[in-house]
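Hydrogens, waters and symmetry mates play no part in the numbers below; they use all other heavy atoms, side chains included.
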Amino acid sequence: MSLPLLTVTAAVPAVGAVLTAAVPAARRTAAKWLALLFSLATLALAVLVAVRFDPGGDRYQLTESHAWIADFGVRYQLGVDGIAVALIGLTALLVPFVIAAGWHDADPLETSSSRWRPTQGFFALILMVEAMVIISFEATDVFLFYIFFEAMLIPMYFLIGGFGDRAHGGSDENAAAQRSYAAVKFLLYNLAGGLIMLAAVIGLYVVAGNFSLQEITAARAAGTLDMSTDIERLLFLGFFFAFAVKAPLWPLHTWLPNAMGESTAPVAVLITAVVDKVGTFAMLRFCLGLFPEASKWATPAILVLALISIIYGALVAVGQRDIKRLVAYASISHFGFIILGIFAMTSQGQSGATLYMVNHGLSTAALMLVAGFLISRRGSRLIADYGGVQKVAPVLAGTFLIGGLATLSLPGLAPFVSEFLVMVGTFARYPVVGVIATVGIVLAALYTLVLYQRTMTGPVRDEVRSMPDLRARELLVVAPLIALLIGLGVYPKPLTQIVNPAVEYTMADVKQTDPKPSVPAQSVAAEAENGEAAK
């Protein structure tokens, strides 16, 4: 009997969470090392999944299927395509860095008015989120996916509300109130989306008679699925609403700046680089796979919302005074690009959107974690409280700059490749939309460079004059992320060769082909030859 690799990959961090939580309270360091060990084991399993995945093979591989709730057609059914493999790899890669960066974030507070912070619980919750995200990427049973799509809200709620940012700038009571507000807002928004999705999941079962993604798509392809146009559109809207909240897409985005602003930097990375990717991934797997005609019907409206997200997020980021909220609004703009690429309905756009999910995770992790190190030194999230940092902490400033340049998609860094593909795919089918979206690229350069100028350059403020540079542990966190940003920016083929076959299947689901160039390649070549002959 072969090893159920996908189950083991999701189970290892879940087991690690239980064992970490069970470590005696006095042995905080042991709990940290145990959590890190299990996260590294998960990373090793994710690498094994990628190695065993054959890009030229079947659409879903390493599949597992077992009866679960047979009376209702629910199965424990797992499988991965190239898109899922890439995002499982991203999740498993980032969690060890999140744990290492947050090594002291849950230690007992020194102020006498604060209570003991349960260190073991902090790291156990991180591992539990990782387990639920991974199985969400693996699930090919719609009901199974829904369970973990919703369940991951619970550990995230406690991570936001119970382990907030210490650099709040106000009293302990005010900080606690802000954390509670952010956690509750996060939970309510996502629960609302989940409840609407639950109604759509039940409706899908009524129409299809089961929850299997493969069986439903096969029945649709064979013409044996009896689903009217109106029903398909209603079900699509139920699924899409939940995913748009998770992504987040304007105007359902307002929970993200609060959640990221009040969280510790590692938890903020977990939110936007890991958890939010479940929403955009699900748009590709479930919205386009289950409801192809409704997806095409809704595309014009979704493209408009994506454009608003791109420009609105970037504009608000330009005016931010809080470093973490600036990164949050920048992420809203970037998610707009991802959704734009998905619904451009071109292979370049969808490949770029998938790469964008991975590269945004890397760039946001690098920028936010360095920002967290900066904030922990100064004790403030306000941009105005900094100045001249590059003169006293040049390594910190340099890594902050690279993270920022990756965020604005500088050529040579990984996000450029994905943003370029999204724009090419969008221009090919919707040139006006592509032109408008370029405004977001210009604004990204503005908010990134202004942030760096105001915090890192200029006269050295007295409050940062004695600021230490990055320590060894912090360098070990940031250096691999920067290496990946440069490596994938120069040579993205390891990702594209895994992702592209899965995108072809998705394009076949929605029965779309790439638009033909207005000027055929043969004509261009002929004109070039004629020009040479004339010379």
Side-chain angles (χ1 to χ4, degrees), residues 90 94 97 101 247-248 253 256-257 260-261 265 268-269 271-274 276-277 280 309-320 322-338 340-341 352-353 355-375 381 383 386 396-423 437-457 477-478 480-489 492:
L90 172 69
L94 290 182
F97 296 125
H253 67 284
L256 183 64
M260 289 184 65
V269 169
I271 294 170
T272 191
V274 175
D276 287 355
K277 298 302 186 299
T280 46
S309 287
I310 290 170
I311 297 173
Y312 168 82
L315 280 173
V316 178
V318 171
Q320 285 301 303
D322 184 307
I323 296 174
K324 292 166 72 175
R325 290 179 69 90
L326 185 151
V327 178
Y329 279 106
S331 292
I332 292 168
S333 181
H334 295 147
F335 276 106
F337 278 109
I338 294 171
L340 186 69
L355 293 180
Y356 215 132
M357 293 184 221
V358 176
N359 295 332
H360 171 263
L362 296 175
S363 62
T364 299
L367 180 61
M368 180 59 83
L369 292 179
V370 177
F373 299 147
L374 178 70
I375 291 168
R381 299 175 352 209
I383 297 173
Y386 295 88
L396 188 155
T399 53
F400 190 80
L401 177 61
I402 295 174
L405 294 176
T407 299
L408 64 83
S409 300
L410 183 77
L413 298 176
F416 170 76
V417 179
S418 46
E419 191 165 275
F420 177 77
L421 286 173
V422 167
M423 296 304 295
T438 57
V439 175
I441 299 175
V442 176
L443 291 174
L446 180 61
Y447 63 68
T448 300
L449 296 178
V450 168
L451 172 64
Y452 183 83
Q453 179 190 33
R454 292 179 178 175
T455 55
M456 301 296 165
T457 65
V477 169
V478 177
L481 295 173
I482 291 176
L484 282 169
L485 287 171
I486 296 172
L488 292 175

Test log, rule side-chain contact (heavy atoms from CB on, under 4.5 Å), inputs Leu90 and Val274
CA-CA 8 Å; Leu90 172 69; Val274 175; 5.7 Å; no
Report yes if some heavy atom in the side chain of [X] is under 4.5 Å from a heavy atom in the side chain of [Y]; otherwise report no.
X: Phe97; Y: Val478; value: no
X: Glu419; Y: Ile441; value: yes
X: Leu369; Y: Val269; value: yes
X: Leu410; Y: Leu413; value: yes
X: Leu315; Y: Leu443; value: yes
X: Val358; Y: Ser418; value: no
X: Val450; Y: Leu446; value: yes
X: Tyr356; Y: Leu421; value: no

Parallel, tilted or perpendicular: which one describes the rings of Tyr312 and His253, with boundaries at 30° and 60°?
perpendicular
Can you check whether Gly361's main-chain N or O pairs, donor with acceptor, with Thr364's side chain at less than 3.5 Å?
no
Are any side-chain N or O atoms of Thr407 and backbone N or O atoms of Gly403, one a donor and one an acceptor, separated by less than 3.5 Å?
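Present.
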From CA spacing to verdict: ring-ring contact (aromatic ring centres under 6.0 Å, His included), His360, Phe335:
CA-CA 9 Å; His360 171 263; Phe335 276 106; 5.2 Å; yes
Rounded to the nearest 0.5 Å, what separation is found between the [atom1] atom of [X] and the [atom2] atom of [Y]?
X: Ile332; Y: Thr272; atom1: CD1; atom2: OG1; answer: 8.5 Å
X: Leu408; Y: Leu367; atom1: CG; atom2: CG; answer: 10.0 Å
X: Ile375; Y: Met368; atom1: CD1; atom2: CE; answer: 7.0 Å
X: Met423; Y: Thr438; atom1: CE; atom2: OG1; answer: 5.5 Å
X: Leu401; Y: Thr448; atom1: CG; atom2: OG1; answer: 10.0 Å
X: Phe337; Y: Ile310; atom1: CZ; atom2: CD1; answer: 4.5 Å

Closest non-hydrogen atom pair, [X] against [Y]:
X: Leu94; Y: Ala273; answer: CD1-CB, 3.7 Å
X: Ala437; Y: Leu340; answer: CB-CD2, 3.9 Å
X: Val417; Y: Gly489; answer: CG2-O, 3.8 Å
X: Val370; Y: Leu396; answer: CG1-O, 3.7 Å
X: Met456; Y: Ala397; answer: SD-CB, 3.7 Å
X: Ser331; Y: Leu256; answer: CB-CD2, 4.5 Å

side-chain contact (heavy atoms from CB on, under 4.5 Å) for Met357 and Lys277? Distances and angles first, verdict last.
CA-CA 6 Å; Met357 293 184 221; Lys277 298 302 186 299; 3.8 Å; yes
Does Leu488 form a side-chain contact (heavy atoms from CB on, under 4.5 Å) with Leu362? I'd like the steps, not just the answer.
CA-CA 10 Å; Leu488 292 175; Leu362 296 175; 3.9 Å; yes
Residues, nucleotides or ligands: over 12 heavy atoms within 6.0 Å of Phe420 CZ:
no
Return yes if a side-chain donor-acceptor contact under 3.5 Å exists between Tyr329 and Gln320, otherwise no.
no
What residues form a side-chain hydrogen bond (donor to acceptor under 3.5 Å, both in side chains) with Thr455, not counting sequence neighbours?
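Once residues adjacent in sequence are excluded, Thr455 has no partner under the side-chain hydrogen bond (donor to acceptor under 3.5 Å, both in side chains) criterion.
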